[in-house]
Protein chains: 2
Amino acid sequence: MAQQKPVERHSGVSLWRQIADRIRVSIADGEFRETGRLPPAFDLAERFGVNRHTVRAALAFLAEEGLVESIQGHGTIIKGGRQLTLPISKRTRFSAGVGDQASSVTTRLLRSGELQASAEVAAQLQIAPEQLVIEVEESGYVDGRPVSCSQHFFPADRFPDIARHIAATGSITRAFAACDLPDYLRQSTEVSARHADARERELMHLSPGAIVLETRAINTDLEGRPVQCSRTRFSADRISLRVTA
Amino acid sequence: MAQQKPVERHSGVSLWRQIADRIRVSIADGEFRETGRLPPAFDLAERFGVNRHTVRAALAFLAEEGLVESIQGHGTIIKGGRQLTLPISKRTRFSAGVGDQASSVTTRLLRSGELQASAEVAAQLQIAPEQLVIEVEESGYVDGRPVSCSQHFFPADRFPDIARHIAATGSITRAFAACDLPDYLRQSTEVSARHADARERELMHLSPGAIVLETRAINTDLEGRPVQCSRTRFSADRISLRVTA
DNA sequence: TGTAGTTGTCTAGATTAATAGACAAATACG
DNA sequence: CGTATTTGTCTATTAATCTAGACAACTACA
């Protein structure tokens with residue numbers, strides 16, 4: 001159990017935090033799949049070159065995330081950590097994309113309303129800035145665990161009842177169908193990564209400093225007219241994106 | 001100068017570090033473009049709800065990164081920090097993608113060699129696991145600042161001299177052309193985000209805790225046979241990705 | 001039942017991070 | 001030249017993080 005990569009001091013990130021982050025990726029990489037549990041805290045401490053108490057702080061943090069559970073006298077078992085892959089293509093739909101990787105995929109409508117389009121939204125929807133748009137905020141769950149939160153904007157003149165249909169059907173695809181739009185295409189997706197803010201952490205049960213993958217997407221009808229623009233944040237620990245040309 | 005979003009205590013990330021990260025994204029968003037410099041340290045301290053000394057620690061950190069420079073009696077001027085967008089499509093090429101956003105785009109060959117394909121690489125290149133592949137490692141620079149580092153794998157039987165051509169031409173596109181492959185397509189790109197490891201931080205001059213966008217891509221010839229698979233890490237502070245369907 | 005292995009808890013001390021205030025030093029500008 | 005503005009440096013104090021060691025509590029297993 002020699003120490004592999006030493007932990008960094010005076011980096012502005014506490015040691016327990018660095019250790020928690022590294023254990024999290026080790027779990028995601030399947031490093032402890034054989035045993036299903038972590039090495040003893042004493043061994044981990046030696047491996048990272050820190051005190052056992054520091055490792056314990058890291059494990060407590062991961063336990064609060066629900067990723068591991070420590071049992072006195074037994075060890076620290078791994079409770080989750082599988083990462084899902086969401087395909088992004090011309091026909092990207094959230095539930096269909098991860099549907100075969102999990103037993104339950106749901107979305108929950110958080111909020112909806114009507115407002116004047118901001119400059120950015122207007123440009124993406126190709127409408128005038130003062131026109132009305134419907135805003136819908138929802139979050140996505142896989143096997144009961146929150147993995148994403150989104151804001152969607154629709155042109156209000158074309159889809160005045162979209163929010164009601166989303167609430168009724170629980171799906172944007174089905175809501176579009178109810179608005180006489182049976183099919184639509186993903187025009188573009190812009191991907192970036194950053195630290196989660198307070199609201200995202202609350203919605204997705206993330207720890208401070210967690211990373212989100214943010215996508216900004218535009219969907220169009222088959223004639224190429226924008227019907228929706230969206231901003232979705234995924235928990236980077238749980239989701240990766242597969243872009244297909 | 002009211003405080004906007006309070007800084008988080010007891011998160012495992014020191015306050016100066018959080019403040020440095022937030023100032024960095026503000027700069028990237030062009031928030032201080034008008035003046036070309038940051039507000040006085042005293043105002044920043046009030047804005048983030050911390051002591052001036054804590055803000056000074058953050059500014060010293062950003063100064064070490066080369067992003068800002070503090071001048072006594074004058075203020076703290078901004079020296080860089082624009083964020084670039086890299087398009088990802090069927091015809092993704094690094095230098096062409098960001099070429100019009102910067103005055104200088106270069107890549108540097110770090111290493112190349114021949115080895116047996118790993119299971120993952122073999123699957124992506126659709127070859128047998130024991131077959132030989134050429135591995136090429138390079139880093140990408142925009143205006144002299146490192147923004148990416150990549151590993152590329154090529155089937156050795158089809159492109160035995162690719163490493164030499166890359167070294168000679170400084171471009172994978174031109175190296176393929178020299179190997180009688182004038183055109184190729186991006187089949188798929190998988191995007192994920194995580195914290196940078198030690199080597200990535202060294203190559204891209206990142207601070208501990210920095211975020212990288214990681215892409216795993218497969219390129220094919222016009223018949224759909226894989227000619228290259230790659231793993232590229234971008235500094236998320238400097239690069240975002242635009243996916244075009 | 002006993003022993004090895006493992007996590008939980010406690011105390012104490014050392015190091016690092018953050019706050020607070022005062023004043024020096026440089027710049028900009030009337 | 002003088003004044004306001006802004007960064008640089010110093011000291012002191014408080015709070016948070018990490019280390020160190022000892023021992024209790026629980027589990028598994030021979």
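Chain letters run A, B, ... following the sequence lines, proteins first, then strands; residues in each count from 1.
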Asp43(A), Thr54(A), Ile23(A) screened by side-chain contact (heavy atoms from CB on, under 4.5 Å) with Phe48(A), the one that passes: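 Output: one option passes, namely Ile23(A).
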
Are [X] and [Y] side-chain neighbours, meaning at least one heavy-atom pair lies under 4.5 Å?
X	Y	answer
Ser148(B)	Arg238(B)	no
Arg231(A)	Glu214(A)	yes
Phe42(B)	Leu44(B)	no

Spacing between [X] atom [atom1] and [N] atom [atom2], to the nearest angstrom:
X	N	atom1	atom2	answer
Ile19(A)	dT17(D)	CD1	C1'	12 Å
Arg56(A)	dG21(D)	CZ	C1'	15 Å
Arg17(B)	dT16(C)	CZ	C1'	16 Å
Leu38(A)	dT7(C)	CG	P	9 Å
Glu46(A)	dT19(D)	CD	P	14 Å
Arg37(A)	dT27(D)	CZ	P	13 Å
Leu15(B)	dA17(C)	CG	C1'	8 Å
Phe42(A)	dT19(D)	CZ	P	13 Å

Using the test side chain to side chain contact (heavy atoms under 4.5 Å, CB included), find all partners of Ala128(A) that sit at least two apart in sequence or belong to another chain.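 Once residues adjacent in sequence are excluded, the partners of Ala128(A) under the side chain to side chain contact (heavy atoms under 4.5 Å, CB included) criterion are Glu130(A), Gln131(A).
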
Is Arg111(A) atom CZ crowded by more than 12 heavy atoms from other residues, nucleotides or ligands, each under 6.0 Å away?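 Yes, enclosed.
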
Neighbour count above 12 (heavy atom, 6.0 Å) for Glu114(B) CD: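 Yes, enclosed.
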
Tell me, with the steps shown, if Arg242(A) and Ile88(A) meet side-chain contact (heavy atoms from CB on, under 4.5 Å). CA-CA 6 Å; Arg242(A) 171 179 293 281; Ile88(A) 291 187; over 6 Å; no

Quick one: which of dA17(C), dT7(C), dT7(D) gets closest to the side chain of Thr76(A)?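 Of dA17(C), dT7(C), dT7(D), dT7(C) is nearest to the side chain of Thr76(A).
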
Side chain of Trp16(B) (C-beta onward), nearest among dC18(D), dT9(C), dA18(C):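 Nearest listed nucleotide: dA18(C).
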
According to salt bridge (charged side-chain N to carboxylate O under 4.0 Å, His left out), who are the partners of Glu120(A), at least two apart in sequence or on a separate chain?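 With sequence neighbours excluded, Glu120(A) shows a salt bridge (charged side-chain N to carboxylate O under 4.0 Å, His left out) to Arg216(A), given in chain and number order.
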
Overall bend - the helix from dT1(C)-dA30(D) to dG30(C)-dC1(D), comparing terminal axes fitted on five pairs, nearest 10 degrees: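 Computed angle between terminal axes is 30°.
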
Closest non-hydrogen atom pair, [X] against [Y]:
X	Y	result
Leu59(B)	Val68(B)	O-CG2, 4.0 Å
His152(A)	Ser150(A)	NE2-CB, 3.4 Å
Trp16(B)	Ala57(B)	CB-CB, 3.7 Å

Atom pairs, N/O to N/O, protein against nucleotides 26-29 of chain C, distance under 3.5 Å?
{"residue": "dA26(C)", "atom": "O4'", "partner": "Gln72(B)", "partner atom": "OE1", "Å": "3.3"}
{"residue": "dA28(C)", "atom": "OP1", "partner": "His74(B)", "partner atom": "ND1", "Å": "3.2"}

Check whether any side-chain nitrogen or oxygen of Thr54(B) sits under 4.0 Å from OP1 or OP2 of dA17(C), and answer yes or no.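 Checking Thr54(B) against dA17(C): no side-chain N or O falls below 4.0 Å of OP1 or OP2.
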
Glu137(B) bridged to Arg199(B) by N-O distance under 4.0 Å: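 Between Arg199(B) and Glu137(B) there is a salt bridge, with a charged N closer than 4.0 Å to a carboxylate O.
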
Say whether, by atom type as modelled, one donor and one acceptor occur between the side chain of Arg47(B) and the main chain of Pro39(B) under 3.5 angstrom.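 No; judged by distance alone, with no hydrogens or angles, the pair does not exist.
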
Using nucleotides 12-16 of chain D, report all nitrogen or oxygen pairs with the protein that are shorter than 3.5 Å.
{"residue": "dA16(D)", "atom": "OP1", "partner": "His10(B)", "partner atom": "NE2", "Å": "3.0"}

Pick out the pairs of N or O atoms, protein on one side and nucleotides 20-22 of chain C on the other, that lie under 3.5 Å.
{"residue": "dG21(C)", "atom": "O6", "partner": "His53(B)", "partner atom": "NE2", "Å": "2.5"}

